[in-house]
Structures are given as C-alpha cells and as structure tokens.
Number of protein chains: 2
Amino acid sequence: MAYDNAFAAMADPTRRTVLERLKAGPRTVGDIAAGLPVSRPAVSQHLKALKAADLVRDEPRGAARLYRLHAPGLQALRAYLDDFWDEALARFKDHAESEDERD
Amino acid sequence: MAYDNAFAAMADPTRRTVLERLKAGPRTVGDIAAGLPVSRPAVSQHLKALKAADLVRDEPRGAARLYRLHAPGLQALRAYLDDFWDEALARFKDHAESEDERD
DNA sequence: GCTAACCGTAAGTGATGGCTTACGATAACG
DNA sequence: CGTTATCGTAAGCCATCACTTACGGTTAGC
C-alpha cells in the first residue's frame, strides 16, 4: 500500500471529512458518501487508505459494510506528536520556542 | 500554497526526518541536508513546505539561514488530534473503541 | 432463483508532489 | 573588489494521487 503512514492518510481533506463523520458513530459506505462531493467508489478508496493507516475499522453488516473509528491508530498518531513535542522541549527547550532569539 | 494543512507537511518521510533533526536545536540548510539522501535544493523546498505549514521558523544567520521548530504549528496539530479524540469519546464512546461489537 | 441494494476493484485520466540540475542573489572573507 | 560559501527559485521529469465510469461479487427480499 502506498499509504505508509497515518499522516499521509490524514493529509487529504476528504479523508478528514470522512473521519469527522465517523466521530458521531459507525456509518455505512453509502451513508458516508451521501454527504460528500465525490462518488461512492472514491469514498471506498479513501476508506481503504484510512484502514491501511489503521485509522478505521470495518465490519460486514448484511450486504452493507460498517466503518468506525479505530482507536489504536488515532492514539499512535497522538503519541508520536506528544513524544516529539516532549523531546523537543527536553533537549532544547529554548530553541523550540518561538520567542527565542539566541542560539 | 499547495500545503494547506500541517498533515500534508508531516506526510513526507524526508520532512519528518528534517523535523527530527531540528528537535536537537537550530540548524542551517546545509547542516540539515548533509545527513539526508536528497540534494540541498530539495531540502530547501521541504523547508519551504514546513514553513508554510507553520511547523518551522527561519532566521538569517550571516550568509546562511537558521531553521528551528516553530511551537505554535506543532501545538495546533496536537490540539486538532486531541479535540478530535475527545469529541469521538464524548459523542460515541463505545463505537470509537476497538473492542466494541454492537452499534 | 430473480431482482435490487450495497460495495470493492480495475482501468484510465488530469493534477500534484518530490526530485534533479542550472542559475541568480546575498553575505562573509581575503 | 573578486572570490567563496550559502541559499532560494525556475524548469523539467517521473511517480503517485484522487477522481471518474464500468464491472463483478455478495447479501437481503420477494
């Protein structure tokens, strides 16, 4: 899969909109696509990318398919940013700040 | 500018490596490019993208130019994810979890 | 079983991204 | 000043992305 990281998956505005919709609860592909300006197959492809990035989870629902947010993927993203931030502060507190002027 | 959001800026592995290097403190373009498998102009373009995304800050340093992490941009990213996560939990706690089975 | 609903995938297309080399601008240095 | 170091930008190229339409597969309903 070309989407080797969660940031790439989050980079697309349509995919972020899909995630926003899933915040309210599980949705079928048709439901998700209904509110979007792109075709249903396009949404399927986006969901595939989000799934590869571990950001959503899917499950059969009769003839349909139910998608929902996947906590571990989201937590991993938050953890990466949190760690990054903590390390930046710890190693070089003044340089990471925006008000600093010396090196 | 094509980089309308910070996620797009973070999506590229080379750019993430650049940020990792800047975690240790300010660096010139040449210093950053020295440890990377791409050319110096490529690094300049990446820095331009990171700057547009508000993730780095630059400052003249004689003939060189000093780049450093920019706190507000990083915080904004963290805030987006934190808010997203909080809302997902608040609105539909069980659906966001990975162990849930009902809707 | 036939039909309809729902969905994933394949194929093709236009746009964008990341890279390179070449060039020009600016600042220190003698 | 002329030279060197450092950097940003322009132009071009190739890969990838996001999208469309077309198609096939699976499930429910009659």
Side-chain angles (χ1 to χ4, degrees), chain A residues 1-22 25-70 101 103, chain B residues 1-22 25-70 101 103:
Chain A
M1 178 54 63
Y3 304 98
D4 55 344
N5 68 82
F7 283 115
M10 299 276 311
D12 185 80
T14 300
R15 279 196 291 265
R16 284 198 301 276
T17 302
V18 168
L19 292 177
E20 294 285 345
R21 276 180 92 76
L22 290 180
R27 294 270 186 279
T28 65
V29 178
D31 281 346
I32 299 171
L36 296 178
V38 297
S39 69
R40 183 198 51 77
V43 173
S44 265
Q45 291 165 1
H46 282 307
L47 287 169
K48 182 179 182 181
L50 290 171
K51 185 180 176 183
D54 216 40
L55 293 175
V56 301
R57 200 163 70 91
D58 64 331
E59 182 187 350
R61 183 76 173 186
R65 186 158 280 267
L66 217 54
Y67 281 85
R68 70 187 66 194
L69 295 180
H70 188 52
E101 199 57 36
D103 58 334
Chain B
M1 180 55 60
Y3 303 94
D4 55 342
N5 68 83
F7 284 114
M10 300 277 311
D12 184 79
T14 301
R15 279 196 290 266
R16 284 197 302 276
T17 303
V18 168
L19 291 177
E20 295 285 345
R21 276 179 92 75
L22 290 180
R27 293 271 186 278
T28 64
V29 179
D31 281 349
I32 299 171
L36 297 177
V38 297
S39 69
R40 182 198 51 76
V43 173
S44 263
Q45 291 165 2
H46 282 306
L47 287 169
K48 182 179 181 180
L50 290 171
K51 184 180 176 183
D54 216 40
L55 293 174
V56 301
R57 202 164 70 89
D58 64 330
E59 181 187 350
R61 182 76 172 186
R65 187 159 278 267
L66 217 55
Y67 282 84
R68 68 187 66 194
L69 294 180
H70 187 52
E101 198 57 34
D103 59 329

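Naming convention: chains lettered A, B, ... in sequence-line order (proteins, then strands); numbering from 1 in each chain.
Taking atom NZ of B:Lys51 as the reference point, atom P of D:dG8 lies 9 Å away to the nearest angstrom. Between B:Arg65 atom CZ and C:dA28 atom P the separation is 12 Å, expressed in whole Å. Atom-to-atom, CD of A:Glu59 to P of C:dG8 comes out at 13 Å; the value is rounded to the nearest Å. If you measure from atom CZ of B:Phe7 to atom P of C:dG17, you get 17 Å, rounded to the nearest angstrom. Rounded to whole angstrom, the span from the CG atom of A:Asn5 across to the C1' atom of D:dC17 amounts to 14 Å. Spacing between atom OH of B:Tyr67 and atom P of D:dC7 amounts to 9 Å, rounded to whole angstrom units. One atom, CG of B:Asp58, and another, P of C:dA27, lie 14 Å apart when rounded to the nearest Å. Atom CG of B:Leu47 is separated from atom P of D:dT9 by 11 Å (rounded to the nearest Å).
OP1 or OP2 of D:dC7 lies within a sub-4.0 Å distance of a side-chain N or O belonging to B:Thr28.
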In a table with atom names and distances, give each donor-acceptor pair under 3.5 Å that connects a side chain of residues 28-41 of chain B to protein atoms at least two apart or in another chain.
from    : atom 1 : to      : atom 2 : distance (Å)
B:Thr28 : OG1    : B:Asp31 : N      : 3.3
B:Thr28 : OG1    : B:Asp31 : OD2    : 3.4
B:Ser39 : OG     : B:Ala42 : N      : 3.4

Query raised in the report: Where along nucleotides 19-30 of chain D does protein come under 4.0 Å, by heavy atom, of base (B) or sugar-phosphate alone (S), with - for untouched nucleotides?
Result: BBBB----BS--

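A donor-acceptor contact shorter than 3.5 Å links the side chain of B:Arg16 to the backbone of B:Ala11. Formation of a donor-acceptor pair under 3.5 Å by the B:Arg15 side chain with backbone atoms of B:Ala8 is found in this model.
For the pair A:Met10 and A:Leu55, the minimum side-chain heavy-atom distance is below 4.5 Å.
Separating the CG atom in B:Leu66 from the CG atom in B:Leu22 is a distance of 9.0 Å, to the nearest 0.5 Å.
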Report task. Start with the C-alpha distance between A:Leu47 and A:Asp58, add both sets of side-chain angles, then the distance that settles side-chain contact (heavy atoms from CB on, under 4.5 Å), and finish with yes or no. Result -> CA-CA 9 Å; A:Leu47 287 169; A:Asp58 64 331; over 6 Å; no

